[in-house]
Amino acid sequence: MKLFFIVFLNGLTLASLYFITACGFTLIFGLMRTVNMAHGVLLLLGAYIGYEVVEMTGFWVLGIIAGGLSCALVGAFLQAFILGRYQGDELRQTLITIAISIILADFLLWAWGGLTYQISLPEMLQGGIRLPLLNVGYSVVRLTLIGMAIVVGVLLWLLIAKTKLGIIIRAGVDDREMLQALGFEIKKIFIIVFAMGAALAGMAGVIFGSALSISPGTDIQFLLSSLVVVIVGGMGSVGGAALGALLIGLAEQYGLAYAPTYGVVFTFLIMVTVLAFRPQGILGRAEQ
Amino acid sequence: MSRTLLLIVVILIILPAFISDFWLNQILTRSIILGIAALSLTFLTTYLGVVSFAQITLAGVAGYTIAYFSPNTTGLGIELPWLFAVALALLFSTLAGAFVGAIAKKSVGIYSIMITLAISMAFFYFTRQNYSIFNGWTGFSGITAPVAFGVSLEDSLVFYYATLLSATAAGYLVVKFTSSPLGLAVQGVKDAARRVRAIGIPTTPVIIAAYAFSGFIAGMSGVLNVWQQERISSFSVGLGPTIDLLIIAVIGGMRHPLGAFIGAITYVLIDTFVIDLFSRDRFNMIIGLVLLFIVMAAPQGILGSFLSAQKRIRKYDNNAIKRKIKNDCEI
Amino acid sequence: MIVKFKKIILVGAVAIACLSQPILAADKIKIGVISILEGAFASLGQDGVRGAELAFKEAGGKVAGMDVEIIVMSSDASPDSAVNAARKLIDHDNVDIIIGPLSGSEGIALRDLSKGNKGVTFVNGSSAAQDATFREGSDNFFRFGGDGAQWMAGVGTYAFEELGYKKVAVVAEDYSFPYTQVLGFMSEYCAAGGRVPKKFWTPIGTKDYSSVVYSIPDDVDAIFVALGGADAVNFLTQYDQAGGDKPIIGGTITIDQSILDSKGPFKKLLIGAPAGTPTVSDYEGKEWKEFTASYLSNFPEGMTSPTIFAHHYYMAGKAVLLGLEQVDGDLSNQHKALRASLNNLEFVTPTGGTMRLDENRNGIIDNFVTEVYEREDGSLGNRVLKLVSNVNQTMGQDPTAFRAIGAVSRENPSCP
Amino acid sequence: MPLTDGSASNQRVALNLKGVTRRFGSFVAVDNLNMTIKTGERRAILGSNGAGKTTLFNLITGDFPLSEGSIEIEGVESSTLPTHKRIQAGLRRTYQHALLFDSLSVRDTLLLAVVGIHNKWPLFYPLKKNSKYHEKAEALAKVAGLSSKMDVLVGALSHGQKRQLEIGIALSGDPKIVLFDEPAAGLSPAERPVLTELLLSLPKKLSVILIEHDMDIALETSNIVSVMHNGKHLLEGEPEEVVHSDIVREIYVGKRQ
């Protein structure tokens with residue numbers, strides 16, 4: 001029984017991490033209908049840069065900012081000079097992001113090698129504490145993840161629900177042509193959104209590299225997990241990403257604890273089941 | 001085009017006389033096998049209008065079936081006469097195709113990409129973790145091509161011709177399928193699914209049938225692939241081969257069945273020789289750049305660009321020739 | 001149409017001209033090296049290639065008066081890619097000998113490939129799955145470095161008798177190499193009287209081990225961890241963060257220097273951890289010091305000391321050179337003479353032992369039981385506790401009894 | 001110009017709509033609509049844009065599901081049947097904006113239409129060149145005036161030809177009820193009489209519902225007229241009578257002036 005609750009907590013913390021990493025993916029998809037297959041590699045890039053900055057300055061928060069900013073720049077560049085040209089041609093955009101992810105992943109391997117990196121946490125987040133009721137040790141940084149996910153979720157919600165940019169984004173999710181008709185510079189908005197999505201990926205990378213670790217291959221794992229989270233929760237919906245992350249995180253941890261061999265498969269089974277009954281995802285709107 | 005096709009086939013028939021075993025096995029035969037798999041993808045893309053990432057999975061289903069029901073060094077499986085094994089393999093890959101179709105039936109565009117990708121990853125992880133049927137990480141090895149009708153398919157020349165024959169059959173099947181009423185209905189679904197229903201044809205079975213048919217074609221490639229590689233493992237159905245197949249289809253162009261094979265040979269040449277020409281460490285970067293270039297500069301792929309260039313040149317000829325070319329290009 | 005026809009003939013002719021190959025005269029020996037040069041293991045694979053190159057450099061790039069040409073091919077840890085690389089080396093580059101591959105399942109794949117390519121001699125690199133030689137062996141597939149079970153020789157006994165661990169839980173990756181390592185550990189440990197109540201097989205590349213961490217039974221005395229690279233770092237970090245304090249017993253690549261050099265508080269868990277390995281980076285033996293010096297002078301850009309991969313690829317290269325020298329480069333009759341000479345070869349290894357093969361063409365090795373210790377500068381290293389000589393593939397047990405255990409798998413062996 | 005005799009009350013009912021309602025969110029597109037179409041009836045539905053006419057067609061064919069109400073086709077309750085079953089029961093329609101298979105030829109399109117209405121659809125085997133399906137497709141093309149365009153890709157047809165093809169498809173098999181959704185939209189003045197001619201030449205036992213903004217065509221080809229407004233069925237009656245009613249003047253004719 002104790003194990004059951006701990007695994008629940010593990011699932012919750014992993015879900016937080018998944019949510020943070022999937023946010024950028026779902027944001028870009030929601031507004032722009034771009035399946036950003038380079039999401040995972042952006043995450044890895046952010047993590048490496050965050051690592052360097054933390055090593056150099058010793059400030060963890062600075063690492064997160066640097067990881068986010070550098071990815072935002074790369075994302076903005078991609079959207080402005082490569083992807084933006086093919087807005088609306090979704091297949092071609094997908095292929096381009098695949099090509100970019102192959103190139104960038106190889107570049108990262110060249111620049112940072114095949115070693116495993118762990119980003120040093122600030123003193124207060126290191127190590128573990130004893131959980132009161134369950135009487136087991138638990139990693140501080142994992143508990144913090146829940147808070148981070150809530151912060152990211154709330155900020156994103158505020159941004160989308162309360163700011164002018166958010167209103168434009170929501171309008172864009174519903175009707176892209178309308179935005180254009182209303183005279184918004186849709187190109188600029190797309191660049192901003194893509195940069196934001198990429199920044200989220202970069203920051204998620206730093207957080208991920210601190211809580212767990214990063215190495216070549218992490219990019220693919222996280223692209224896939226983001227994909228599954230977003231498919232299950234509903235494509236393009238932040239709430240859906242949260243729900244999807246929760247389901248997948250719990251499934252993965254219960255799988256790992258009770259049936260380690262097929263843990264990974266559970267994740268995908270959930271997805272296939274959701275798809276069979278609700279192709280647009282649990283909270284997604286129907287495709288048209 | 002049909003005459004051009006015939007010529008290509010004739011060249012392919014006499015080609016083995018002039019090339020080394022390596023070129024025959026690792027370049028030509030491998031290209032054709034990959035081409036058949038890519039054909040199953042371009043078929044779906046051209047006629048049903050969806051991009052499926054599950055074709056390697058479907059080929060894998062056939063491949064694993066062959067591995068399981070053939071002699072192998074894994075100690076798993078049941079030995080069946082090779083014809084039964086092949087029939088089962090194609091049956092399973094067709095059913096698997098129908099299954100993918102049933103799940104992805106409502107999805108088009110990027111949605112179909114994401115959903116089929118997810119299905120293929122589920123299969124990949126399953127094969128990797130399951131040891132009782134798929135032998136996990138290591139997979140099956142030591143599978144040999146059978147002796148069929150008195151000739152051993154292990155002989156590289158025989159196998160090459162068997163592959164060529166299969167590719168021709170696959171191409172023929174695709175052409176025949178697309179001109180059958182069901183094939184027409186598939187194309188109808190791509191253009192206007194509502195209208196298909198409004199002429200009395202339910203769309204779900206049509207979509208499922210298209211996926212099932214693509215599963216059959218992919219299955220052909222899966223069978224040949226296992227015989228050529230003499231092995232199959234979870235890696236054969238992983239993300240790498242899945243994306244490679246998409247690259248092949250894109251490079252070749254999705255407008256014409258032949259594009260799949262042109263893409264395959266291009267890809268195999270790059271895959272085999274880039275490591276010699278450039279630094280071995282940066283191989284993936286080269287592949288990525290080639291893909292990026294083709295997607296950006298020649299979105300119709302090599303064959304597509306060739307055809308439209310040809311059209312542009314011939315525009316100035318007289319009308320009769322123009323019509324002829326138009327017919328040629330559309331088989 | 002006629003224009004088109006001409007064009008096609010022309011294209012065809014050009015293509016054929018390009019495809020035809022000149023037949024090369026055989027006045028040099030071509031050796032292919034297969035190692036993992038892409039993906040997560042790339043830096044390890046590069047060190048493997050260095051090892052093989054070192055052997056040939058030391059020989060002056062010549063053997064039996066003939067030039068040696070080395071062709072390196074990359075695989076990506078998948079059996080498929082190893083086979084493709086080998087096919088290209090055999091069919092296109094016409095190599096005589098292949099050295100490699102690096103990882104477990106690749107080795108099994110190349111062994112199977114070798115059965116159909118009797119004209120090529122395969123010498124395993126660092127791949128260490130038991131079955132590559134023990135079951136379904138191939139008479140042109142040789143392994144001088146031993147398997148993953150041999151690499152654990154001495155550890156089980158040490159853990160039970162010296163450290164007094166009565167019960168141990170196992171956390172290992174879910175594929176052939178860790179299976180073999182667990183076998184090596186358990187066959188000794190269980191025989192000594194130890195018990196292994198629970199084994200956790202986790203998929204390679206698992207990031208989040210937290211639920212495994214909490215599932216480890218409270219009553220075990222230690223945890224045997226056979227994870228590599230990022231997996232090991234992740235598991236140990238999470239175990240530490242969860243307040244775990246059971247002693248660790250390491251698999252061969254779990255206490256690899258690259259992990260000891262990683263940063264993080266988890267490292268304190270490893271201090272004092274015993275492990276088994278045929279390669280100890282700061283071994284004090286004379287031969288090893290010479291080997292390290294030679295490695296460092298030839299590859300200033302390499303690691304700070306040769307890894308297990310460099311060591312094993314080096315031994316493979318050395319065996320090939322010695323064998324070729326003995327038969328004076330005679331590769332006639334499907335390498336018959338070379339094979340015989342490899343089977344009877346004896347040479348001194350970089351760790352000072354004598355390398356020779358058993359009847360399965362598998363090396364009889366010297367293995368070390370090591371311990372992780374804290375160096376004066378605070379970094380971690382491995383030091384030798386015990387040398388176990390002449391470890392054969394059945395770990396000194398009766399071959400029939402050992403074989404009766406059956407092929408390694410998740411469930412086999414078992415002593416709960 | 002009535003096309004049926006006066007004994008309408010004795011005729012069989014082809015299509016019966018009871019309380020048909022469709023909501024999109026809070027918006028009610030079709031509101032509790034009742035309508036009975038007798039066999040052989042020619043009914044025109046008038047109403048301004050947004051009155052719910054096309055939505056009504058979509059409900060009858062099953063393109064959209066009903067929110068409430070029921071639809072009987074030839075006496076069979078069909079509210080929950082999928083579209084293709086309703087088509088197989090004898091329902092046909094054209095689309096306001098031609099909804100066709102641009103990458104198929106006219107011949108293939110008509111062949112599909114012929115094949116589609118068969119219960120045991122011979123979809124799986126290639127059709128022989130001279131099969132009865134080909135004959136039927138040729139016949140349809142003749143009716144639609146497209147005999148010379150059989151091998152042209154639909155995407156390459158002119159607007160008028162596409163509308164003709166729509167009608168050709170709608171007449172395939174053995175139709176019992178045909179819904180025409182603004183068949184004259186976008187046609188040139190010269191093409192309109194051809195359309196009128198075609199509509200008038202339809203078999204007598206066929207029931208027709210026509211949405212048409214061209215009053216002349218609508219009145220000339222129908223023997224009963226319904227008026228829809230804001231999703232409601234306001235009134236029905238003889239063409240002359242309806243056209244001159246105050247309500248129509250207000251909501252429909254009035255608007256045109």
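So that the names make sense, note that chain A is the first sequence line, chain B the second, and so on, each numbered from 1.
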* Gap between atom CG of A:L223 and atom CE of B:M121 - 0.5 Å precision -> 10.0 Å
* Structure fact -> Heavy atoms of B:I115 and A:I231 approach each other most closely as N-CD1, 4.3 Å
* Region of B:I247 that comes under 4.5 Å of a non-hydrogen atom in chain A -> side chain
* Structure fact -> In this structure, CG of A:L95 is separated from CD1 of B:I113 (nearest 0.5 Å) by 6.5 Å
* Return the minimal non-hydrogen interatomic distance between A:A99 and B:G288, and the atom names on each side. => CB-O, 3.6 Å
* Region of A:F107 in contact with chain B, defined by heavy-atom distances below 4.5 Å -> both
* To do: Check whether any side-chain heavy atom of A:R85 lies under 4.5 Å from a side-chain heavy atom of B:M296, and answer yes or no.
  => yes
* Asked: Relative to chain B, which segment of A:I220 carries a heavy atom at a distance below 4.5 Å: side chain, backbone, both, or neither?
  -> side chain
* **Note, A:M37 side chain near B:L117 side chain (heavy atom, < 4.5 Å)** => yes
* Asked: Is the closest side-chain heavy-atom distance between B:Y125 and A:L224 below 4.5 Å?
  -> yes
* Other residues, nucleotides, ligands: >12 heavy atoms within 6.0 Å of A:Y48 OH -> yes
* Asked: Mind checking whether B:M285 and A:W110 have side chains closer than 4.5 Å, heavy atoms only?
  -> no
* **Toward chain A, the part of B:L289 with a non-hydrogen atom under 4.5 Å** => both
* Contact class of B:L292 relative to chain A, heavy atoms under 4.5 angstrom -> both
* Structure fact -> Honestly, the part of B:V295 sitting under 4.5 Å from a heavy atom of chain A is both
* Among A:V228, A:T34, A:L227, A:V230, who wins on heavy-atom pairs under 4.5 Å with chain B? -> A:L227
* Nearest-0.5 Å distance, CD1 of residue A:I103 to CG of residue B:L291 -> 8.0 Å
